[in-house]
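Have a look at the structure below, then the notes.
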Amino acid sequence: MSAAETGAVRLRIAPSPTGHLHIGNVRAALFNWLYARRRGGVFIVRIDDTDQARSDDRYIDDIIEGFRWLGLDWDEGIGVGGPHGTYRQSDRFDRYRAAAETLLEAGRAYYDFRSAEELEKLRRQAQAERKPPGYYIRRPPDADFEAGRRRAEAGERGVIRFSTPGRPVEFTDLVRGEVRFEPDAIDDFVMLRSDGSPTYHLASTVDDIDYRITHVARGEDLLSSTPKHILLTEALGAEWPVYAHLPLLFGTDRRKLSKRHGDTALRAYREGGYLAPAVFNYMSLLGWSMGSDDEIFGREEAAAAFDLTAVQKSPAVFDAEKLAWMNGVYMRAMAGGEFVDLAVGCIEQDLGRGLDEDERRRLAGLAPLVQERVKLTTEVAPAVRFLFTDVSYEERAWRKVMKGEAARALEAAHEALRALEDWTTAGIEQALRAVLAAEGLSARKGLQPIRVAITGSNISPPLFESLAALPQGAAIDRIAAASERLARTDS
RNA sequence: GGCCCCGUCGUCCAGAGGCCUAGGACGCCGGCCUUUCAAGCCGGAAACGCGGGUUCGAAUCCCGUCGGGGCCA
């Protein structure tokens with residue numbers, strides 16, 4: 001009976017700190033998290049920093065912040081500790097070398113001193129014979145353990161390769177079903193490079209064994225490496241985990257999502273006005289669904305329903321537009337007070353100063369109308385900025401609206417609003433409608449110039465509420481200013 | 001080049017032999033509402049890659065083919 005059956009499941013995500021946390025990694029992490037939570041198991045975050053030249057600790061912070069932001073909490077690993085050390089591969093090189101040594105002594109690995117040219121020749125030969133590329137990379141006849149060791153100790157540079165047993169590997173993948181690889185498809189892969197550093201195959205497999213990982217859910221790009229990992233695990237005397245190879249995330253060109261597809265860093269979304277629950281919700285739908293038409297759901301709901309066997313086999317294209325729509329759904333679903341707090345934060349940052357009591361009150365009055373109009377948090381400040389700064393007219397808006405009857409509408413509005421005693425939405429609406437009717441102007445024609453005068457734009461929150469959110473004096477002044485400008489530009 | 005994976009509307013997902021004249025969502029188009037913009041509501045266009053087979057019956061099973069992708073080089 002395997003560990004997966006007897007104990008709690010243990011899953012992990014192992015990002016490399018060689019760049020900002022990538023959304024492909026985020027999706028993989030999310031599925032691992034969902035499955036761990038569903039099974040009441042353990043979720044681990046390990047840092048795969050074997051490539052020390054390209055790794056940078058600031059990216060570790062980015063990874064930690066990113067996962068935390070999304071609410072993917074982990075039970076062991078970087079930042080939270082656990083029984084297995086630092087959860088950084090760079091601290092475990094000795095362990096990997098020891099594992100390689102064990103295999104060497106057991107005859108399951110060998111030193112390989114062949115030059116790149118020799119190997120290249122073998123590859124070309126394999127290609128000419130239409131054989132798998134790794135076909136000819138096999139243990140050379142003279143590769144005996146003692147001789148290899150002597151040459152290595154004498155300072156000769158060579159790699160240590162795993163010696164594949166020459167039999168097919170079969171396993172059941174939770175997503176793909178039965179998978180089989182023929183011996184020819186599995187080459188004698190390098191475990192330790194000539195500089196003594198471990199390859200991904202070695203480090204990752206040894207870690208999965210040591211951390212007693214029961215389920216490995218990772219991108220499909222690693223499917224063809226899986227037989228190597230299985231063989232290696234066996235050779236090291238351990239039981240291999242259950243594998244689940246997740247469909248890749250594609251860009252709109254249907255290629256593996258990468259830098260050139262624009263925003264592939266989670267950070268870009270965190271800073272671009274997206275809400276964590278929306279990102280979580282959207283990403284969970286990439287390759288999975290609840291099995292119903294329900295698309296809007298939270299973390300706990302998803303965790304309760306998740307199963308790796310229900311994951312889609314085909315790749316998913318990341319659709320930024322649908323994410324934006326979903327973000328809008330979450331924006332609108334926010335409690336009113338919560339949104340006001342968010343809006344205050346947005347505008348204060350935009351203004352570079354705090355809001356006073358009166359300003360907050362005015363913002364809060366308009367907030368519900370803004371809330372249902374924005375998709376991203378970054379849209380909040382531009383929508384309410386007119387409340388706190390002098391208007392600057394959008395030239396296009398001005399030209400579109402300030403013509404024809406605009407002057408009359410502004411003058412009439414100016415007069416009516418100056419005389420108005422009841423400075424409320426209802427009062428303002430009543431006064432303006434009355435005066436427009438008296439002038440014979442339609443609401444459409446009469447109100448747009450006022451909107452531009454007040455907000456600077458022809459697109460804004462509803463006008464009467466916007467006016468009410470402004471002090472009466474300021475509103476009147478703005479209309480007068482627009483009137484003047486119109487008179488100037490007309491003549 | 002070799003091996004492997006995948007194939008339902010433009011995109012994401014539902015569909016696990018009859019409930020499918022294929023459903024939902026985003027996007028798109030049209031309408032309603034309306035002071036702008038959104039939101040909301042109503043309606044529309046839009047897909048089972050292709051060819052065989054199995055079966056009374058196939059989007060669902062099998063084979064082939066085409067197409068796409070991944071890995072190694």
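Lettering follows sequence order; numbering is per chain, from 1. Quick caveat: nothing in here was measured; it's all calculated off a predicted structure. Every heavy atom of this structure was used, including side-chain atoms; hydrogens, water molecules and symmetry mates were not.
The closest donor-acceptor contact from the side chain of A:D173 to the backbone of A:H245 lies under 3.5 Å. In this structure, A:D112 contributes its side chain and A:V159 its backbone to no donor-acceptor pair below 3.5 Å.
The same atom, C1', is picked in B:A16 and in B:C33; the two are 43 Å apart, to the nearest Å. Atom C1' of B:A47 sits at a distance of 12 Å from the matching atom of B:G7, rounded to the whole Å. Using P as the reference atom, B:C28 and B:C37 are 15 Å apart when rounded to the nearest Å. Separation of the P atoms belonging to B:G67 and B:A14 is 27 Å when rounded to the nearest angstrom. Spacing of C1' atoms, B:C62 relative to B:G23, comes out at 27 Å, to the nearest Å. Nucleotides B:G49 and B:A59 are separated by 11 Å at their P atoms, to the nearest Å.
In this structure, the separation between CG on A:L231 and OG on A:S163 is 9.5 Å, given to the nearest 0.5 Å.
As a whole-Å value, the separation of A:I186 CD1 from B:G2 C1' is 14 Å. Rounded to whole Å, the distance from NE2 on A:H245 to P on B:C6 is 12 Å. Atom CZ of A:R255 and atom C1' of B:G67 are 13 Å apart (whole Å). Atom P of nucleotide B:A25 and atom CZ of A:F297 are separated by 15 Å, given to the nearest angstrom. Distance A:L257 CG to B:C12 P: 13 Å, rounded to the nearest Å. Atom CG in A:D188 sits roughly 14 Å away from atom P in B:A73 (whole-Å rounding). In this structure, CG of A:N281 is placed 14 Å from P of B:C13, rounded to the nearest angstrom. Distance, A:M283 CE to B:C13 C1': 16 Å, rounded to whole Å.
Between A:W288 and A:F31, the ring centre distance reaches or exceeds 6.0 Å.
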Requested in this report: Could you walk me through whether A:Y243 and A:T172 pass side chain to side chain contact (heavy atoms under 4.5 Å, CB included), step by step?
Outcome: CA-CA 7 Å; A:Y243 289 97; A:T172 305; over 6 Å; no

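Relative ring orientation between A:H201 and A:F189 is described as perpendicular, the plane-to-plane angle rising above 60° on a 0-90° scale split at 30° and 60°.
Counted within 6.0 Å of CD on A:E234, heavy atoms from surrounding residues, nucleotides or ligands total more than 12; the atom is thus considered enclosed.
In this entry B:G43 has B:C29 as its Watson-Crick or G-U wobble partner, both defining distances falling under 3.5 Å. The pairing partner recorded for B:U54 is none, the criterion being a Watson-Crick or G-U wobble arrangement whose two distances lie under 3.5 angstrom. Pair assignment for B:U60: none, as no Watson-Crick or G-U wobble contacts are both less than 3.5 Å. Across all strands shown, B:C37 has no partner, as no Watson-Crick or G-U wobble contact with both distances under 3.5 Å is found. Applying the Watson-Crick and G-U wobble criteria (two distances, each under 3.5 Å), B:C9 pairs with nothing in any strand. Applying the Watson-Crick and G-U wobble criteria (two distances, each under 3.5 Å), B:C19 pairs with nothing in any strand.
For A:R176, taking side-chain heavy atoms from C-beta onward, the closest of the listed nucleotides B:G2, B:C71, B:C6 is B:C6. For A:Q312, taking side-chain heavy atoms from C-beta onward, the closest of the listed nucleotides B:A14, B:C6, B:G2 is B:A14. If you check B:C6, B:C4, B:C12 against the side chain of A:L285, the one that comes closest is B:C12. With B:G70, B:C3, B:U11 as the candidates, the nucleotide lying closest to the side chain of A:F181 is B:C3. Closest to the side chain of A:E120, from the set B:A73, B:A14, B:C5, is B:A73. Among B:C12, B:G70, B:U8, the nucleotide with an atom closest to any side-chain atom of A:S224 is B:G70.
A cation-pi arrangement is found for A:R485 relative to A:W398, the charged atom lying closer than 6.0 Å to the ring centre and inside a 45° cone about the ring normal.
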Report summary line: Per-nt protein contacts along nucleotides 26-41 of chain B (heavy atom under 4.0 Å; B base, S backbone sugar-phosphate only, - none) come out as SS-------BBBBSS-

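Place A:S314 and A:A310 on RNA chain B by their nearest nucleotides, and A:S314 ends up nearer the 5' end. Toward the 5′ end of RNA chain B lies the nearest nucleotide of A:L286, the other residue of the pair A:L286 and A:L222 mapping further downstream.
Of the side-chain N and O atoms in A:S292, none sit less than 4.0 angstrom from OP1 or OP2 of B:A14.
Two residues are said to be in side-chain contact when any heavy atoms from C-beta on lie closer than 4.5 Å; A:H22 and A:L266 fail this criterion.
At the heavy-atom level, A:G219 lies nowhere under 4.0 Å from the strands shown.
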